[in-house]
Structure formats: structure tokens, C-alpha cells
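By convention in this document, chain letters (A, B, ...) are assigned in the order of the sequence lines, proteins followed by strands, and residues within each chain are numbered from 1. Below, each value reflects all heavy atoms present in this structure, side chains not excepted, and no hydrogens, waters or symmetry copies.
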Amino acid sequence: MVSKTLVTCALPYANGSIHLGHMVEHIQTDIFVRYLRSRGDDVAFLCADDTHGTAVEISAQKKGVTPEQFIDEVWREHRRDFHDFGISYDFYSSTNSPENRRYAELIYNRARDAGFIGSKDVEQAFDETAGRFLADRFIKGECPNCGAKDQYGDACEKCSATYGPKELKQPYSVLSGQPPVWKTSKHLFFRLSRHEALLKAQLQKLGFMHPGLAAQLQQFFDKGLADWDISRDGPYFGFPIPGEDNKFFYVWLDAPVGYISSVDAWKEREGAALDYWAADADARVIHCIGKDIVYFHCLFWPSVLTVAGLKVPERVHIHGHLTVNGEKMSKARGTFINARPYLELLDPNYLRFYFASLLGPGPEDLDFSLTEFRQRVNAELVNNLGNLANRTLSLLARDKALAPADEAVGGALVREVLGRVKEIGAAYERFDHRAAIKAILEVGYAANQFLTRTEPWKVMKTDPAGAKQALSEAAEVVYLLTALLDPVVPQLANKLAAQLNRPKLTFQQLEGATYPLLDRSQPIGDPSPLIGRIEEEVVAKLVASAPPVEVAKAAPKQKVAPVAEPVAELDFADFAKVSFVAGKVLAAERVPKADKLLKLSIDLGEAAPRTIVSGIAEAYAPEQVTGRNVVVVANLKPRALKGIESQGMILTAGKGGRELVLLDPGPVSPGTAVK
RNA sequence: UGUGGGGUGGAGCAGCGGUAGCUCGUCGGCCUCAUAAGCCGAAGGCCGCAGGUUCGAAUCCUGCCCCCGCAUCCA
């Protein structure tokens, strides 16, 4: 058993606000950490903002501030959000810190010395106006294959041809609109492939990660581990690479380093991190991440740490994502709920309890259903547990005195609860918070039953001592709840403790504890309702409240969320160029290896039927479309999809996927123009 | 199509070889200390489908269907 534990959450990207999706991770980890602390472990709980990269730079530019100013403001906001949700970070740092730079350099230098850094010349587009190299997605032009305009530099969205950005015709920079020039630049690569055997072994290590997800990573070995481009040419918002001229670490290199450097920042001591991260440190590291960034944490990160002579995490706990009312959080549906609007409407303990009651140890998604949220929290937290405390303490509050413990009469209920403490702690430890909550609720039921059975409010009139005895035993259970509930709803545990007029219990104290736990000579405090119910109207406001503009894209920054461009007005002349024609589907078949595509043969009244590939396979089976009349855009430039040339497009209505309907021109003969 | 996860009463889940269970919700009754809380009871399921193994399968095996995520991909 090691003496110290470092626990981290994934570093939120400094390009947007904290939302309820983030909170799933930070709340469950906070529960885990609070349990470990309660049990007496020496835990450091750290996190930081991930601040570098082009996305942040561009956001800052748009706002007319420097990147440093931008991330500083976001950092304050993030820190406040987490604080207000009761996330008990020992320190919340930033990757744009001197400590982080130092460790990024240290790791890089060690990797280089170990021969793990290679270099390769990469010819890249350069924007002379903007004075910077252009990543593939910052350069557009005409597809060399099909001539489609405004295609990105790596692949054509129209004909799915892949090519290098240099092959684009009429290329232009997205930043300046000017044609780029071609420059060769040296890029540095991390030789991940050298660690294949080591990583395979790492993934097999018991308890390191979810076995199913480890199996999924197998595909990367099958494809062959690719070496990893870790350098970007300046100007780039990040750290310069030592020994190189105008080269910077790619943001994903220095981001996880934040797990290390935040220890130094927290301790305000250079090298403090090595207490945890040195290969032989008497400590363990546990990361908590979402399933979207498994690759980085379970392949790249262990490899980097190993080559740098540092400790590989003992455990990477991977959780699922949050859906709202069963669907992905969406701005359009108003279900994209940020942390701040939630806090303005509702007590954070509700959400902490609700998430806890749903969170299992695995990577399954969990749903924030508004009705479920309100019903469960009201029934379980407020009615069962909150009311238990209140009904017990209210009766006791008449003179605030407890009965002396009498083991001959009482203690059965308390002993029963004590018998479950271990199980509850074990559940918290494996992130099976819903199992912990379930057990705690059973404690609540048992105590409520006990009160119904002993009827102290009635007995009080005939046998005051007996009633006191029963109430005091119930109060013991409430006292136990101060420890059991503390990881999930710490503020409420504090409140209970205050009403009992005692400090709250810890799991450590509960270990080997026996009845009675309460010092019966000490009076209790003033009871009051623990927490009120969630009102339906308030929950409704949660989704009704205008969703914030900025969408925080959790981790993979390389995927920039597409911004909906306003639909440009179209001249009638241009519109008239489009030829809509009625057609009849003669045959349809699925396209192999594509679950959205159907290959259709369509009669347009021409000499030969057209082949059109359409993304309707999720909504229609081949036999369902055969024989149907459809509307076809007949003069669209042909484009290859999955190697099949599609000679047109069929019109559909709906948002896509399964929700999609073919437009029917009615009973007209193939070739009839549609206007 | 590949890959991972999953299909158990209205909802969310547990059970993973031996009489189908928990919470929420619904309905009925009891109680009145308590935040219109609590307690008791009821209705509601051929455990995705079809085979097989077994004395016995929700639980093991085989095949299939459907859902979700990732990959591919959606003119």
C-alpha cells in the first residue's frame, strides 16, 4: 500500500464554459476523493485548465484580447464553477505556467535523449500575410479529383478523395484568403511505435483500465502505432521546444503534463511533483477521464511517462458521457446546460446526488432526464433521507437531550447499519456510486421503518424514557449518515452534523466502530429541514434558459465544432441552374462498409438509369425505396462515394439519420422536371 | 462492414445455473412525529428471438434481430 494518492480529472479546455457534461466527471471524481480522504488516505486532488493551441488563440483574437488574458478569464470562471459545485480540488492550475513548461521540457529532453524523438521534413502551406503555417484544415481549394470548391487540405468532402494539401487547385488560406506558399519545415515525432510491447502489457495490467475499452485499443496495434507529430511551427500559443528554432509543443503534448506540474504549482515547490511522479515514488496516480480521450491517456501518456522515467498511472477510470433527456446535449434543443445557469437555479447537491445515484463503475452514458432528476432527488434525498433526519431530530429537539445508551434494549438498528459501512466504502472506491447510494437509501428505509414501528411520538405520552431511547437510536443513524453521505453531498453532511451539534463522522472513525457512537451526554442542536424539494417550474427553466453561446468542446481539440454559417442568399439565376427531375428508383442495394449509404439505380427518363449513392440507409431499407418516385438533382457534378460514382442527389426532408423522409414528386413519369 | 457496450414489468438498474428482484412512477390502505414527508399492500415481466447444453437457464454455448458509442461515412 502506497502512502499517497494523486487523483486528477481531465483538464478542461480553456475555450469554453464548464457544462453538465464536465460535471459528470468532476462530481464522480470528487465523490471518490472525498471518500478516500474520509477513510484517512493522503490524497491530492488536482486539475488545471488546458490552455494551449490554435483554438484558444483564435478565440482570443476574436475577443480582441491576448491569449493570456483570455485563458486567465476562463480560468477564473472554471475555478469558480468547480468550487461552487463543491469539487474539492486542492489546487486548480493551468498548463500555461512556468512549472508546466519546465516539465514539458524535461519530458521532451528525456524522450529525445532516449532516442524517442524523430524528425521528418514536412512540406506545409504557409500564409505569408498571416505569417504562419497552415494546418490542413486552414487551407482550402479545389479538389484535384473532382474539382469541388472550398475543400479542406487533406480530403475532399465531395468525392472523398484523399490527397495532400499541395495537390489542391486554387488553394487559399482560410486566415487571409491569400494563396499559400509552400515551405518545408522540420517536424518532430514521438516514436510511439517503439513502445508497442510495453503498451500491450500495460493495457493488460489488472485494474489499469476497463478491459472492454482496452480491447478496443487493440485496433491501434492492428493498424500499427503511428508516430506522433508533437511539434507545431510558430507562431503558436504554446511552449517553445528547447533546442529548436520557432517550434512549439503541440497542445496535446503539454496538456497531460499539467497532471504533473500542478503538483509543483500547488506546493509552490520545484520538484514537488516527483513525490508522486518519480518512478519509485511512494505514491499512486489515478486519472479520471471520459471515454473520448482513452487513446491519449492509455497509449500515448503511459509511453511518454515511461520514456521520461516517470510513474505510469495505476488506474485510469473511464466514464461515459452525459445525455439530456436521452439525447446528446444540444444547443438547438436547448439541452446544452452550462454549470453556471444550473447553479443560478438549483442547489448543487441535487445534481451531485442525482449523478451519484446513476453512476456505475463502467463507461456507460448516463442520462440527465429532467423528470427523473426531480422525482428521484425529491423521493430519495429529500423525502427518505432528509425527512428521516428531520422527523428524528424534531422529536428530540423538545429538550435536546439523548437517552443514555442501553445496549440491552437498543443498538440493533445501528449495528445493522454499521455492518454495511464497508460495502458502501468499497462501492465508492470502485466508482460504483449508485451502489453506495442504494445501500444508503436502504439504511434510510430501515430507519424510517424503525420509527414507524416504535412510534416514539405516541409512546412519548406513556413511556417517555422508551421513546427517548428509540429516538436516540434513530439519531445514531443520522449521525452515521454524516459519514456515509459526506462524499456525495458534503454540504448536507455538514448540515446534519451541525444539527446534531457534533463534527461529522469519517469512514476512518467508522472502521471497527461499535454501538453507541453518539456521546449521549451531549445535547443535539437545532433541527431544520435538510434541503427543500425541487420544484417542477425550476427544472423547466433549466432547459428553457437560453443556452450559452460558447460551446466547450471537451477534449479533442483537433476536431473543431463546425460553426453554422448563415445561409447565403442565392440569385435566381443561380437557382435556375439547378435541375430538379422526378425519377423512379429501379433498384437499390446497400453499400458495403457504409451504414448510411444506399446505392440506387434511378430512371430519369434518360437512355440509361443513373447511379446515385445516397445517405438514407438508416431510414430506408433497399426494398422500401425500390419503385418509389423521388426528386433528383440531376445536374450535380458526379462524386465518388465509397468508390462508387454518384451521379446526382435525391432530396429528402428531416434532420437525417433515422429521421428522414424521401420527397415524393407524385405520380409523374420519370424525367419530369420539378419546379 | 469492423470494434466495444447493451437488450430484464411505464422509467432507471441489480441478478449471471436452482422458486424473477431493487428504486422511481402508478393504484389501494394505514399513520400523523416530520419537508403534503413515513409505513403496509397491490397491479404490472413468457428476462430481444430461435435453437442447444443441463435434472434445472435471465444466467452457459451457437445463430439471428434490435439499440448505443467509436471507426468508415452520410451529394
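Here the side chains of A/L199 and A/L217 are not in contact, with every heavy-atom distance at 4.5 Å or above. Taking the side chain as every heavy atom from C-beta outward, A/K468 and A/L402 never approach each other to under 4.5 Å.
For A/Y445, no side-chain nitrogen or oxygen approaches OP1 or OP2 of B/C40 to under 4.0 Å. Phosphate contact (OP1/OP2 of B/U32, side-chain N/O of A/R391, threshold under 4.0 Å): absent. In terms of phosphate contacts, A/Q449 brings a side-chain nitrogen or oxygen within less than 4.0 Å of OP1 or OP2 of B/C40.
Straight-line distance between the P atoms of B/G25 and B/A71: roughly 39 Å, to the nearest whole Å. For B/C13 and B/G17, the P atoms lie 22 Å apart once the distance is rounded to whole Å. Comparing the C1' positions of B/U26 and B/C64 gives a spacing of 36 Å, expressed to the nearest Å. For B/G48 and B/G7, the P atoms lie 8 Å apart once the distance is rounded to whole Å. Between the C1' atoms of B/A42 and B/C47, the separation comes to 22 Å (whole Å). Look at the P atom in both B/G4 and B/G18: the space between them is 28 Å, to the nearest Å. Between B/G10 and B/U53, the two C1' atoms lie 36 Å apart (nearest whole Å). Comparing the P positions of B/C27 and B/A43 gives an interatomic distance of 16 Å, to the nearest angstrom.
RNA chain B is contacted by both A/K438 and A/G386; A/K438 maps to the nucleotide lying nearer its 5′ end (nearest heavy atom per residue). Heavy-atom nearest nucleotides on RNA chain B were determined for A/N390 and for A/T452, and the one closer to the 5' end corresponds to A/N390.
Partner assigned to B/A71 is B/U1, using Watson-Crick or G-U wobble distances below 3.5 angstrom.
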>> Assess the residue pair A/R398 and A/M460 against the criterion (side-chain contact (heavy atoms from CB on, under 4.5 Å)); give the C-alpha distance rounded to whole Å, side-chain angles, the decisive distance to 0.1 Å, and a yes or no.
In response: CA-CA 11 Å; A/R398 296 182 182 177; A/M460 190 114 49; 4.0 Å; yes
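Per the geometry, CD belonging to A/Q216 stands 13 Å off C1' belonging to B/G6, to the nearest Å. We find that CG of A/L395 is positioned 14 Å from C1' of B/U35, with the value rounded to whole Å.
For A/Y295 and A/F300, the ring centers are positioned 6.0 Å apart or more.
Not a single donor-acceptor contact under 3.5 angstrom links the side-chain atoms of A/N383 to the base of B/A37.
Side-chain contact of A/S193 with A/D227: a donor-acceptor pair under 3.5 Å is present, judged by distance alone.
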